[in-house]
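The next block holds one structure in the form of structure tokens; read it before the comments.
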Amino acid sequence: MAIKIKDDIYWVGVIDWEIRKFHGNEYSTHRGSTYNSYLIKGDKNVVIDTVWTPFAKEFVKNLSKEIDLDKIDYVIANHAEVDHSGALPELMRHIPDTPIYCTKNGLKSFKGHFHEDWNFQTIKTGDKLNIGQRDLIFVEAPMLHWPDSMMCYLTQDNILFSNDAFGQHYASQYLFNDLVNQTELYTECLKYYANILTPFSKLVDKKIKEVLSFNLPVDYICTSHGVIWRDKPTQIVEKYLEWAENYSEDQVTIIYDTMWDGTRTMAENIAKGISEVNKKVNIKLFNTASTDKNDIIAEIFKSKAILVGSPTINKGILTSIAAILEEIKGLGFQNKKAAAFGCYGWSGESVKIISEILNGAGFEVIDDGLKTFWNPDEESINQCIEYGKNFAEKL
Ligand code: FEO
């Protein structure tokens with residue numbers, strides 16, 4: 001069902017209430033998601049983005065109730081990832097000659113995905129497409145989220161169609177940002193930024209400043225996932241600028257995995273030591289084997305320091321810690337302190353392995369970490385508390 005945004009401008013996307021894993025199994029979507037597509041009616045009729053492949057038929061059927069498909073003059077394809085382009089083959093089956101506007105990189109990506117010679121028209125930043133009384137102005141946005149990504153801006157109505165940027169995986173019947181639960185919205189925005197956009201923070205900062213330099217009024221930001229920002233729409237732009245600037249809060253996150261509770265005992269007593277020195281800092285503990293990894297990444301994003309613990313197994317580390325470290329490495333966090341800990345029975349390599357990975361991932365590893373022998377006894381527990389105190393002093 002279409003939802004009116006303004007006169008002649010409609011949301012024609014899909015709400016995916018069921019999805020719990022996105023990007024294959026890489027990203028948890030506890031609150032579902034939406035694939036936002038937009039229809040602009042007027043002298044020229046324009047469709048901006050489509051939806052994910054499984055919803056292609058439903059999308060085109062619903063779209064055809066809003067407009068005779070033959071009357072669509074232009075398709076704008078801001079991004080080739082299939083959560084936005086997946087319904088293009090179904091749509092283009094009905095309107096095979098309609099021009100599709102995309103970036104040069106988009107052309108490569110669309111051909112890579114669909115192997116079709118549709119009527120592609122490539123654009124670059126600043127190009128305008130006149131649609132009657134109004135123009136669409138294009139802005140390339142490489143790596144927000146893929147090399148092909150772009151945004152477009154509708155004059156007179158002052159709408160920025162930002163695609164992935166400023167989105168969140170959040171299914172809601174209330175399409176607009178002022179109508180939804182603000183805590184849920186903020187949580188999903190931050191998780192989305194932390195897990196998807198952190199590696200591109202420098203580009204985020206640069207792109208936002210470039211768009212702001214155009215001095216275009218923005219009344220709405222229509223993203224491709226989640227809510228439409230209509231109430232103080234630039235609030236999310238300001239948040240992005242903050243998050244892109246090596247963001248952290250007064251938080252220490254301790255992540256660990258444990259076999260017989262030795263490393264868990266260490267984690268809890270290190271936390272105790274930290275809080276004895278610093279009562280204010282928000283210390284959070286997560287067992288990586290039983291906690292959603294994307295939620296942990298959001299917590300790490302908010303942290304000024306992290307501690308990572310694993311016992312030694314087979315001269316290595318437990319697999320849930322290895323997995324999250326791989327994720328952390330790829331995200332390229334900046335300006336965060338870190339250290340490792342873990343118990344061991346004989347060979348005891350885990351702390352060194354974790355420290356090296358953290359160092360390679362760009363963390364400031366502040367010491368050699370802490371190893372305890374077998375299950376921590378009273379002396380080892382006191383060592384953990386002392387270690388926590390020292391760690392807190394170095395923050
Ligand atoms: Fe929502 Fe990069 O796709």
Side-chain angles (χ1 to χ4, degrees), residues 11-38 47-56 58-59 75-89 91 100-114 138-152 160-172 175 177 185 188-201 203-204 207-208 221-229 236 240 243-244 294 297-298 327 330-332:
W11 175 91
V12 288
V14 163
I15 302 175
D16 190 346
W17 291 100
E18 278 198 1
I19 192 165
R20 289 295 177 268
K21 289 285 181 182
F22 187 80
H23 279 157
N25 284 299
E26 274 306 297
Y27 186 103
S28 59
T29 44
H30 307 314
R31 295 186 173 96
S33 192
T34 73
Y35 316 108
N36 298 340
S37 169
Y38 300 97
V47 171
I48 299 180
D49 292 325
T50 69
V51 300
W52 187 30
T53 322
F55 298 96
E58 173 187 332
F59 165 74
V75 174
I76 311 296
N78 282 324
H79 182 21
E81 197 165 8
V82 290
D83 48 330
H84 311 295
S85 69
L88 267 183
L91 180 61
I100 301 174
Y101 288 78
C102 64
T103 61
K104 263 191 188 169
N105 279 328
L107 182 58
K108 287 186 216 162
S109 302
F110 286 115
K111 292 206 168 184
H113 276 302
F114 302 118
F138 298 105
V139 182
E140 293 165 275
M143 301 320 294
L144 304 181
H145 160 230
W146 276 5
D148 67 283
S149 297
M150 70 174 187
M151 307 180 188
C152 54
L160 179 67
F161 295 94
S162 63
N163 197 259
D164 278 337
F166 313 125
Q168 71 293 149
H169 289 300
Y170 184 30
S172 169
L175 187 62
N177 73 306
L185 175 60
E188 293 302 336
C189 285
L190 183 137
K191 177 178 170 182
Y192 183 97
Y193 188 97
N195 280 274
I196 298 173
L197 291 167
T198 297
F200 314 119
S201 280
L203 294 169
V204 169
K207 183 52 60 182
I208 289 178
I221 297 178
C222 290
T223 73
S224 60
H225 296 293
V227 299
I228 290 171
W229 299 89
I236 188 62
Y240 265 44
W243 291 338
N294 305 106
I297 292 295
E327 186 91 12
L331 289 169

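None of these values were measured; they are calculated from a predicted model. Whatever order the structure lists them in is the order used to number ligands and atoms, beginning at 1. By convention here, the first residue in the shown sequence is residue 1.
Below 30°, between 30° and 60°, or above 60°: for W243 and Y193 the angle between ring planes is between 30° and 60°, a tilted geometry. Note on ring orientation: taking the six-membered ring where Trp is involved, the planes of H84 and H225 are tilted (angle from 30° to 60°). In this structure, Y35 and F55 have tilted ring planes: the angle between them lies in the 30° to 60° band.
For E81, the N, O or S atom closest to atom 2 (Fe) of ligand 1 goes by the atom name OE1. If you look at D164 and ask which of its N, O or S atoms sits nearest atom 1 (Fe) of ligand 1, the answer is OD1. With respect to atom 1 (Fe) of ligand 1, D83 has OD2 as its nearest N, O or S atom. Atom NE2 is the N, O or S atom of H79 at the shortest distance from atom 2 (Fe) of ligand 1.
With Y170 as the aromatic partner, K191 does not meet the cation-pi criteria of under 6.0 angstrom to the ring centre and within 45 degrees of the ring axis.
Residue H225: an N/O/S atom is found under 2.8 Å from atom 1 (Fe) of ligand 1. Atom 1 (Fe) of ligand 1 has no N, O or S atom of H145 closer than 2.8 Å.
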Checking H169 against S33 for the side-chain hydrogen bond (donor to acceptor under 3.5 Å, both in side chains) test, could you report, in this order, the C-alpha distance in whole Å, the side-chain angles of both residues, the deciding distance, and whether it holds? CA-CA 4 Å; H169 289 300; S33 192; 2.6 Å; yes
